[in-house]
Engineer: 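One structure, pasted below without further comment.
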Amino acid sequence: MSPKLIVILTSLLFFGMLEQLHPFFQIKAPLLHRMGGNFGLGLINTIATQLTVVGGLTWIWQHPLQLQLPFSPPLLPVSFLLQGIIAFCVLDAYLYLWHRAMHTFGWGWRLHQWHHSDRRMNVSTAYRFHTAEVLLSNVPKLSLIALLGISPEALMLYECCFAASLIFHHSNWALPRGCDRVLSYLIVTPNLHRLHHSQLRSHQQYNFSSLLTVWDRWFGTWQYPVDPRQIQLGLGRSSGSLQSGTRSSFG
């Protein structure tokens, strides 16, 4: 079993239990109804990725380009660490830019709105993506891996951290607000991402980061919700302000 699969299964179990024991929004729909479709789509995307991206990665690592990060062989231990850090940051910054592009261009939003259409956001929402978006997002990513000579180990480290973060910030876990707020200055938290999944289009223009929130703060798209419990999830209104009262249950 791969390290990434172990991280995914562990994260789904851990955060899935937490959102059942301490839910942020009370969701009335049966577990299978609110998660089955998302996990089914995730399985399709996994198969599509295995049939395409894995082959591309194998070819890249078997035919490395001459362009490598500029660290000399005598500094191999330091070089390996620095290359890992650079690879981590580059991959995370790329996902920020890709996510923002999905909200900027019409073709991107037509695909990405599949993800935003979930009104019962939970751990399974992390896998609710249009297959075309998943495959297209890997084209620039593979190019970065080839151009920068990102190693399998560095990629696996990032992928494991990204997988855990994706499940964490999509979860319906009622993480204590103080803890959520402190963590939000470093990583994407449930409350940060709930704002991004608001029905209000204006709120969807914030919090694009996938793991580290430095990109949102750097590009001026970081915003913490004033009252997360007033957020209405899914697709709906395109303008206006949050309605008064709490949308705390879904059918």
Side-chain angles (χ1 to χ4, degrees), residues 2-8 11 38 41-71 80-116 125-170 187-188 193 196 207-216 218-219 221:
S2 72
K4 183 178 178 180
L5 182 56
I6 294 174
V7 169
I8 290 174
S11 298
N38 292 343
L41 184 57
L43 179 60
I44 293 173
N45 292 339
T46 298
I47 294 173
T49 301
Q50 289 291 321
L51 294 175
T52 55
V53 178
V54 172
L57 286 172
T58 301
W59 189 91
I60 287 171
W61 287 324
Q62 288 178 348
H63 304 82
L65 298 177
Q66 294 301 312
L67 177 62
Q68 300 290 332
L69 294 175
F71 300 110
F80 181 80
L81 175 61
L82 290 178
Q83 287 190 43
I85 293 173
I86 291 173
F88 194 99
C89 292
V90 166
L91 291 170
D92 203 47
Y94 160 68
L95 285 180
Y96 168 86
L97 294 173
W98 174 265
H99 190 181
R100 195 165 179 180
M102 291 298 97
H103 283 258
T104 302
F105 302 105
W107 63 269
W109 179 244
R110 283 193 291 273
L111 297 176
H112 192 60
Q113 65 182 346
W114 279 48
H115 180 64
H116 277 262
T125 310
Y127 298 97
R128 184 190 179 97
F129 286 94
H130 195 293
T131 304
E133 179 182 353
V134 173
L135 295 179
L136 286 172
S137 70
N138 281 292
V139 175
K141 186 176 179 180
L142 287 173
S143 301
L144 284 173
I145 292 170
L147 290 173
L148 298 179
I150 295 176
S151 68
E153 295 80 9
L155 179 62
M156 180 58 71
L157 174 62
Y158 179 76
E159 288 292 324
C160 287
C161 293
F162 168 70
S165 173
L166 198 65
I167 295 167
F168 165 61
H169 64 244
H170 281 101
I187 61 174
V188 181
H193 209 62
H196 181 74
N207 306 336
F208 294 102
S209 295
S210 296
L211 204 169
L212 302 176
T213 55
V214 61
W215 317 116
D216 276 310
W218 195 354
F219 290 104
T221 54

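Values below: all heavy atoms of this structure, side chains included; hydrogens, waters and symmetry mates excluded.
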Engineer: List the atom of Arg128, the atom of Asn38, and the distance in Å for their closest heavy-atom pair.
Structural biologist: NH1-OD1, 2.9 Å

Engineer: Any idea how His112 and His116 line up, ring-wise: parallel (<30°), tilted (30 to 60°), or perpendicular (>60°)?
Structural biologist: perpendicular

Engineer: Side chains of Trp109 and Met102, heavy atoms from C-beta outward: is any pair under 4.5 Å?
Structural biologist: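 Trp109 does not reach Met102 side chain to side chain.
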
Engineer: Without swapping roles, check the side chain of Ser11 against the backbone of Val7 for a donor-acceptor pair under 3.5 Å.
Structural biologist: yes

Engineer: Measure the spacing between CG of Asn207 and OG1 of Thr221 and express it to the nearest 0.5 Å.
Structural biologist: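 Between Asn207 CG and Thr221 OG1, I get 7.0 Å after rounding to 0.5 Å.
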
Engineer: Other residues, nucleotides and ligands only: do more than 12 of their heavy atoms fall within 6.0 Å of CH2 on Trp107?
Structural biologist: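 Correct, the count exceeds 12.
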
Engineer: With rounding to the nearest 0.5 Å, note down the distance linking CG in Leu157 to NZ in Lys4.
Structural biologist: 12.5 Å

Engineer: Find the distance between CZ (Phe208) and CG (Leu95) and round it off to the nearest 0.5 Å.
Structural biologist: 13.5 Å

Engineer: When you compare the side chain of Leu136 with that of Trp98, does any pair of heavy atoms fall below 4.5 Å?
Structural biologist: yes

Engineer: Treating Thr213 as the side-chain partner and Asp216 as the backbone partner, does any N or O pair qualify as donor plus acceptor under 3.5 Å?
Structural biologist: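 Not confirmed, Thr213 side chain does not pair with Asp216 backbone.
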
Engineer: When rounded to the nearest 0.5 angstrom, what distance separates CG in Asn138 from CD in Glu133?
Structural biologist: 10.5 Å

Engineer: Hey, does Leu211 have a side-chain heavy atom less than 4.5 Å from the side chain of Leu166?
Structural biologist: no

Engineer: Please check: side-chain N/O of His170 versus main-chain N/O of Thr125, any donor-acceptor pairing under 3.5 Å?
Structural biologist: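 Such a contact is absent between His170 side chain and Thr125 backbone.
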
Engineer: Indicate yes or no: at least one non-hydrogen side-chain atom of Leu142 is less than 4.5 angstrom from one of Val53.
Structural biologist: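 Yes; the side chains approach each other to less than 4.5 Å.
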
Engineer: Taking all non-hydrogen atoms of both residues, which atom of Ser137 and which atom of Pro140 are closest, and how far apart?
Structural biologist: O-CD, 3.6 Å

Engineer: Under a 4.5 Å cut-off applied to non-hydrogen side-chain atoms, are Pro3 and Met156 in contact?
Structural biologist: yes

Engineer: Taking all atoms of both residues into account, what is the closest heavy-atom pair of Val188 and Ser209, and its distance?
Structural biologist: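 Residues Val188 and Ser209, closest heavy atoms: CG2-O, 3.3 Å.
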
Engineer: Distance check, rounded to the nearest 0.5 Å: Ile6 atom CD1 versus Cys160 atom SG?
Structural biologist: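 So the CD1 of Ile6 and the SG of Cys160 are separated by 8.5 Å.
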
Engineer: If we only count heavy atoms from C-beta on, is the Ile167 to Tyr127 side-chain gap below 4.5 Å?
Structural biologist: yes

Engineer: Using the six-membered ring wherever Trp is involved, compare the ring planes of Phe129 and His115 and label them parallel, tilted or perpendicular (cut-offs 30° and 60°).
Structural biologist: parallel

Engineer: On a heavy-atom basis, which atom in Ala48 and which in Thr131 lie closest, and how many Å separate them?
Structural biologist: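 In this case the closest contact between Ala48 and Thr131 is CB-CG2, 3.9 Å.
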
Engineer: Could you tell me whether the side chains of His169 and His196 share a donor-acceptor contact shorter than 3.5 Å?
Structural biologist: no

Engineer: Measuring from atom CG of Leu91 to atom CD1 of Ile145, what distance do you get when rounded to the nearest 0.5 angstrom?
Structural biologist: 6.0 Å

Engineer: Would you check if Trp215 and Asp92 make a side-chain contact, meaning some heavy-atom pair closer than 4.5 Å?
Structural biologist: yes

Engineer: Give me the ring orientation class for Phe88 and Tyr158: parallel if the planes are under 30° apart, tilted from 30 to 60°, perpendicular past 60°.
Structural biologist: perpendicular

Engineer: For Lys141 and Leu155, work out which heavy atoms get closest and say how close.
Structural biologist: CE-CD1, 4.3 Å

Engineer: Is the shortest side-chain heavy-atom distance between Ser210 and Tyr94 below 4.5 Å?
Structural biologist: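 No - every pair of side-chain heavy atoms lies 4.5 Å or more apart.
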
Engineer: I would like to know whether Tyr96 and Phe219 meet ring-ring contact (aromatic ring centres under 6.0 Å, His included); could you show each step before the answer?
Structural biologist: CA-CA 10 Å; Tyr96 168 86; Phe219 290 104; 5.4 Å; yes

Engineer: List the residues meeting side chain to side chain contact (heavy atoms under 4.5 Å, CB included) with Thr52, not counting sequence neighbours, and say none if there are none.
Structural biologist: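 Result, side chain to side chain contact (heavy atoms under 4.5 Å, CB included) vs Thr52: Leu135.
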
Engineer: Apply ring pair (Phe, Tyr, Trp, His ring centres under 6.0 Å) to Trp61 and list each qualifying residue two or more places apart in sequence or on a separate chain.
Structural biologist: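 Ring pair (Phe, Tyr, Trp, His ring centres under 6.0 Å) check on Trp61 returns nothing, list empty.
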
